[in-house]
**Q** 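What follows is a single structure, and I will ask about it in a moment.
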Amino acid sequence: MSKRATKRMTGAERREQLIDVARTVFAERGFEGAAIEEIAARAEVSKPVVYEHFGGKEGLYAVVVDREVTQLLTMMRGALTDGGPRQLLEASALSLLDYIESHPDGFRILVRDTPIGSSTATFQSIIGDVASRVEGILADAFKARKLDHRAAPMYTQMLIGATVSLGQWWMDTRKPAKEVVAAHLVNLTWHGLDGLVAKPTLRMLDKD
């Protein structure tokens, strides 16, 4: 009777397996709720194996986040290349939804807070990178419309914040299609920009 051969993982293969398992656990539990014991159990290894590869939960979390940061940043930067302001706005919205669709666990991890004292790059660093590009686009549009370009950073945060919040909502619903969602986002933000006034005020505070 022959015995079934079991392939032994190399160190590199084991490391990748642990990263994949940890990504799922961190997405489900969050950093604080995740435990090395559960990660090891799902990977069918002992706890010392996890510590040997990553030194602890913080080290493993840092690797997972860095992987997702690199993936999302690559997708966002790839989208924000050539084109006019509207094309870049459409591309940035769609690329974020593309990432959410293909890496839902990664997005869940990135939108949470990182551990106190962590030096790991986070979702905020990606948003900052995208925001700096969008800010330049908005500043140019403001100048062309004789609006105060110094307000561009504030409007950038509004735009990015709306996109991220919409992405979190869409991640759970997945309806309508991402192209439809992106089109509606651009419809609101683009036509809103087109209708901006030079000195906005709250009507409820206007004096008679």
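Sequential numbering from 1 along the given sequence is applied to the chain's residues. Fair warning: this is a prediction, and the values are worked out from it, not measured in the lab.
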**Q** Looking at Ile109 and Arg23, what are the two nearest heavy atoms and their distance?
**A** CD1-O, 3.4 Å
**Q** Quick one: does Phe107's side chain get under 4.5 Å of Leu96's, heavy atoms only?
**A** yes
**Q** Group every Ile, Leu, Val, Met, Phe, Trp and Tyr by side-chain heavy-atom contacts under 4.5 Å, then state whether Leu94 and Val164 land in the same group.
**A** no
**Q** Any non-hydrogen side-chain atom of Pro104 less than 4.5 Å from a side-chain atom of Arg174?
**A** yes
**Q** Tell me the closest heavy-atom pair linking Ala139 and His149, and the distance in Å.
**A** O-CB, 3.9 Å
**Q** Is Val180 reachable from Leu185 through a run of hydrophobic residues whose side-chain heavy atoms are each under 4.5 Å from the next?
**A** no
**Q** To the nearest 0.5 angstrom, please state how far the CD1 atom of Ile19 sits from the OH atom of Tyr61.
**A** 14.5 Å
**Q** Is there a side-chain contact (heavy atoms from CB on, under 4.5 Å) between Gln17 and Glu13 once you walk through the steps?
**A** CA-CA 6 Å; Gln17 181 214 20; Glu13 290 172 337; over 6 Å; no
**Q** Check salt bridge (Lys or Arg N to Asp or Glu O under 4.0 Å) between Lys47 and all other residues, then give those that pass, not counting sequence neighbours.
**A** Glu37
**Q** Restricting to salt bridge (Lys or Arg N to Asp or Glu O under 4.0 Å), what partner residues turn up for Lys178, sequence neighbours left out?
**A** Asp98, Glu101
**Q** Under the side-chain contact (heavy atoms from CB on, under 4.5 Å) test against Val181, which residue among Val186, Thr173, Leu97 passes?
**A** Leu97
**Q** Quick check: closest heavy atoms across Leu110 and Leu72, and the distance to 0.1 Å?
**A** CD1-CD2, 4.2 Å
**Q** Can you give me the closest heavy-atom contact between Ala22 and Leu60, atom names plus distance?
**A** CB-CD2, 3.5 Å
**Q** For residues Glu32 and Lys57, report the shortest heavy-atom separation together with the two atoms involved.
**A** O-NZ, 3.7 Å
**Q** Would you sort out whether Val45 and Leu18 count as a side-chain contact (heavy atoms from CB on, under 4.5 Å), showing the intermediate values?
**A** CA-CA 9 Å; Val45 299; Leu18 290 172; 4.1 Å; yes
**Q** Could you work out, with salt bridge (Lys or Arg N to Asp or Glu O under 4.0 Å) as the rule, every residue matching Arg67, not counting sequence neighbours?
**A** Glu16
**Q** Under the rule for ring-ring contact (aromatic ring centres under 6.0 Å, His included), what residues qualify as partners of His103, not counting sequence neighbours?
**A** Tyr99
**Q** With Val49 as reference, evaluate Arg15, Glu44, Arg14 under the side-chain contact (heavy atoms from CB on, under 4.5 Å) test and give the passing residue.
**A** Arg14
**Q** Residues in side-chain hydrogen bond (donor to acceptor under 3.5 Å, both in side chains) with Glu52, at least two apart?
**A** none
**Q** Could you list the residues that satisfy salt bridge (Lys or Arg N to Asp or Glu O under 4.0 Å) with Arg108, not counting sequence neighbours?
**A** Asp105, Asp172
**Q** Mind listing the closest non-hydrogen atom pair of Trp170 and Pro176 along with its distance?
**A** NE1-O, 2.8 Å
**Q** Could you tell me whether the side chain of Gln71 reaches within less than 4.5 Å of the side chain of Met75, counting heavy atoms only?
**A** yes
**Q** As an exercise, state the distance from CD of Gln168 to CE of Met171, rounded to the nearest 0.5 Å.
**A** 6.5 Å
